[in-house]
2 protein chains.
Amino acid sequence: MATIDDVARMAGVSKGTVSSVFSKKRPISQQVTERVLEVAQELGYFPNHLARSLAIKRTMSIGLKIPLPPDGTMTAFDTQLINGVIKECSKQGYRLVLDTLPEQEDPTLYSQDPVDGVILLNPRKNDLRIQRYLMMGTPLVLVGRSDPYDDTISYVDNNNTNVARQVGDYLLRGGHKTVLFLNASSDMTVSYDRKHGLAEAYSQHGLPMPEEYVVYYDHKLHANGTEYGYMSIMNSYGNMNYTAVITDTDRVALGVLRAARELDIEVPEQLSVIALSNDAILAQDMNPKLTSVELSAETLGAEAAKLLFEKISDKRIHRQIIIPAQLVVRESCKFLS
Amino acid sequence: MATIDDVARMAGVSKGTVSSVFSKKRPISQQVTERVLEVAQELGYFPNHLARSLAIKRTMSIGLKIPLPPDGTMTAFDTQLINGVIKECSKQGYRLVLDTLPEQEDPTLYSQDPVDGVILLNPRKNDLRIQRYLMMGTPLVLVGRSDPYDDTISYVDNNNTNVARQVGDYLLRGGHKTVLFLNASSDMTVSYDRKHGLAEAYSQHGLPMPEEYVVYYDHKLHANGTEYGYMSIMNSYGNMNYTAVITDTDRVALGVLRAARELDIEVPEQLSVIALSNDAILAQDMNPKLTSVELSAETLGAEAAKLLFEKISDKRIHRQIIIPAQLVVRESCKFLS
DNA sequence: CTGAAAGCGCTTACAG
DNA sequence: CTGAAAGCGCTTACAG
C-alpha cells in the first residue's frame with residue numbers, strides 16, 4: 001500500500017501537509033488540498049489507522065473481555081450484553097473489540113490491549129487482570145463488583161445479594177425448608193454475594209442456612225454448566241433432602257431437569273427449580289417453563305459502555321451502577337402447602 | 001506507562017534485547033532474561049500491542065463490518081453470524097473487531113481498518129467498499145456474492161436463487177397464483193438472486209412473474225423492516241390481489257401480520273405469509289408461528305472466518321462456499337384447494 | 001499556509 | 001548471545 005511518504009513525494013509537499021489534508025487539523029490551501037487528494041486517489045492511498053493510533057494514542061475502539069464457554073456458543077446473556085455495548089459504541093463512533101482469548105500464565109505473553117478502554121466480565125477475587133489494567137492505566141469498567149472492594153473502580157452490576165435474598169424468600173415463603181444452591185464458581189464475586197443473600201433469606205425466616213447445601217461450580221469437575229446441574233442432582237438426590245434447587249444459570253437448570261427426568265422426580269411437584277439468570281430462549285422452551293431471574297443484560301452492557309466512555313474522557317471519574325433484576329415466575333416452582 | 005526504552009535503560013541492556021525477551025524471537029541468556037523481567041515487573045511494563053502491530057504488520061484481529069439496524073438491536077441473524085465468526089477467531093487466537101460505523105461520504109475519512117482482514121456483510125452492486133479493500137490489499141471475504149461477479153473474491157452465501165425458487169414453488173404448488181414479494185433493497189445482490197429464483201418458480205409453473213408484485217425495501221420510505229411490511233400491506237391490500245406474501249425477513253413478516261390484524265385479514269386462511277430468513281426467537285413467538293427459511297447464520301459466519309484466515313495466510317487463495325438453506329414449515333401458509 | 005524534524009513504541013537485519 | 005541503528009506510517013510542536 002502507498003504510504004503518506006509516497007503521496008507527499010508525488011504531490012511535491014511535505015508529509016505533514018498530507019497528514020493535515022486528511023486529518024483537517026490545520027488548514028491547507030484549496031489548491032494543495034486538491035493536488036494531494038488527486039495523488040492519493042491515483043495511488044490508492046488510505047491512511048494507516050494503526051500508525052495514526054500509535055501517534056495520537058487513541059484507537060477509537062474499546063475492548064470487551066468475554067470468555068467463550070467451552071462449547072463455543074455464547075449465552076443469551078453474552079449476546080444481549082454485547083448488543084448493549086455495541087449500541088453505545090455505535091453512538092460514540094467507536095469500534096468494539098471482542099476478546100475471547102484465554103488468560104495467559106506466562107507474564108511475557110501479556111500486552112496492552114489495542115483499545116482505549118476495557119470492559120471486563122465476571123471479576124474474581126483478587127483478580128490479577130484488574131490489577132494489571134490499573135497498572136497499565138487502561139480505563140476499566142467491570143460488569144460485576146471487585147473484591148477486595150475498591151470504590152475507585154467503575155462497575156455495573158445487578159444487586160446480586162438482593163436477587164438471591166428475594167429468590168430465597170420466595171421459596172421459603174412457599175414452604176420449602178431446605179434449598180440446594182448450585183452457585184457459580186467460588187472465586188467469582190457474584191457467588192459470594194448470592195450466597196450472602198440466600199443466607200439473609202434464611203435468617204429472615206428464622207432458619208439457619210445449611211452450608212453444605214451451597215455448592216460451587218468447579219470447571220475441573222464439570223465440562224459445562226449443564227453437566228454441573230445434572231451431576232449435582234444425580235449425586236445428591238436421596239442423600240440430601242432438599243425440595244427446591246436454585247441454579248446459577250438456566251443451563252445448569254437444564255441439567256437439573258434432565259437428572260430429574262432420569263430419576264423420575266417430578267418438577268415442580270417434587271422439586272422446585274429456579275435459575276438466577278434468564279436466557280430468554282432456553283427458559284421458555286424448557287419443560288416445565290423455567291422460573292428465573294431477568295438480569296437485563298443489554299442494560300448492563302449499555303451502562304458499562306457509558307461508564308467506560310466517561311472514564312476514557314476523564315480517568316478520575318468512577319461510578320457504580322446497580323441494575324435491578326426481576327424475578328420472572330413461570331412454571332418450575334411449587335408452593336408446598 | 002513504562003516503555004521498552006525505560007526497561008532497557010533500567011536493566012542496562014539494549015531495547016532489542018528487551019524486545020527479544022518478550023517476543024522470544026531470539027535467544028537471550030538466562031541471567032539477562034531474568035533481570036529484564038524483574039525490571040519490567042517493577043516498572044509495570046507491558047508491551048504496546050499497537051506499536052508491535054505497526055512494526056510486524058500484523059494485528060491478530062479481523063474485522064466484521066456489521067451495520068446496526070436503525071433501532072440498534074441486532075437481528076438473530078447477526079447474532080448467530082457473530083457467534084460463528086467469534087468461534088473461529090477464538091480457535092485461531094484472533095480478536096474480532098465489530099465495526100458498526102456508518103459509511104463515510106468524505107473520502108478523506110476512510111482509513112485502513114486496524115485488522116488483518118475483513119468480513120463484509122450484504123455486498124451491494126458495484127460496492128465501493130469492496131473496491132476499496134481490494135485496492136488496499138486487505139484480505140476480504142463477503143457474506144453474499146459480489147456484483148459484478150468476480151471469482152477471485154472469496155465469499156460464503158446461501159443459494160438465494162434456490163431458496164426463492166423453492167419458496168415460490170411451495171406457494172404455487174399450494175394453489176397460490178399471485179404472490180407479493182417484499183424483497184430487500186434493490187441494490188443488494190441477494191435481492192437480485194431472490195427475484196430471479198422466484199421468477200424461475202413461476203416459469204416452472206407455466207406462469208409469468210408479475211413484476212409489479214416484486215417490491216423493494218427503501219430505507220428512505222421505511223424506518224425499519226417491520227414498518228416496511230406493515231405499510232406495504234396497508235397500501236396494497238385490496239388494490240392488488242395476492243393470496244400470499246414472501247417477506248425478506250421475519251421482521252418484515254411481523255409488520256405484515258400486524259397489518260393483517262388491523263385489516264381483519266386472517267392468516268393463513270386469507271393470506272399466507274413466509275419469510276426468507278428465520279429468526280428463531282421471533283418466528284416461534286409469532287401468531288401464527290411463521291413459516292420461514294433457516295439460513296444457518298452461524299455456519300455462514302464460521303465459514304466466512306475460515307475463508308478469511310486462509311486468505312490472510314495466502315492472499316492468492318479464493319474460494320466460494322454455498323451454505324444450504326432449509327425451508328421450515330410452521331403455521332403461516334395455507335394450501336388453497 | 002507549509003516544511004523539517006523529532007516522536008509514538010515497537011521489530012529486525014546487520015555486525016560482532 | 002547482544003547492541004546500534006534504521007524502519008513501521010503516522011502526528012505535532014516549532015519555525016518561518
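Quick note on labels: first sequence line is chain A, next is B, and so on, each numbered from 1.
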Once salt bridge (charged side-chain N to carboxylate O under 4.0 Å, His left out) is applied, do any residues pair with A/Asp157, and if so which ones, sequence neighbours excluded? none
Tell me, please, which residues at least two apart from B/Lys315 pass salt bridge (charged side-chain N to carboxylate O under 4.0 Å, His left out). none
Residues from residues 28-53 of chain B sitting under 4.0 Å of DNA chain C, heavy atoms only? B/Tyr45, B/Phe46, B/Pro47, B/Asn48, B/Ala51, B/Arg52
A/Ser90: side-chain contact (heavy atoms from CB on, under 4.5 Å) partners, not counting sequence neighbours: B/Leu68, B/Thr100
Got a sec, which residues hit side-chain contact (heavy atoms from CB on, under 4.5 Å) with A/Met188, two or more places apart in sequence or on another chain? A/Asn122, A/Arg124, A/Ala184, A/Ser185, A/Val190, A/Ser191
Start and end of the DNA chain D segment that chain B contacts, any atom under 4.0 Å from a heavy atom: D/dC1 to D/dG9
According to ring-ring contact (aromatic ring centres under 6.0 Å, His included), does anything in residues 30-56 of chain B pair up with another residue at least two apart or in another chain? List the pairs. B/Phe22-B/Tyr45
Salt bridge (charged side-chain N to carboxylate O under 4.0 Å, His left out) pairs, two or more places apart, involving residues 38-47 of chain A: none
Mind checking what makes side-chain contact (heavy atoms from CB on, under 4.5 Å) contact with B/Thr79, not counting sequence neighbours? A/Thr79, B/Met74
If you look only at pairs with a residue in residues 110-153 of chain A, which of them pass as a ring-ring contact (aromatic ring centres under 6.0 Å, His included), with sequence neighbours excluded? none
Contacts of B/Arg35 that satisfy salt bridge (charged side-chain N to carboxylate O under 4.0 Å, His left out) - sequence neighbours left out: none
Counting Watson-Crick and G-U wobble pairs with both distances under 3.5 Å, what is the dot-bracket string for DNA chain D, 5' to 3', using [ ] for crossing pairs and | for pairs to another strand? |||.||||||||.|||
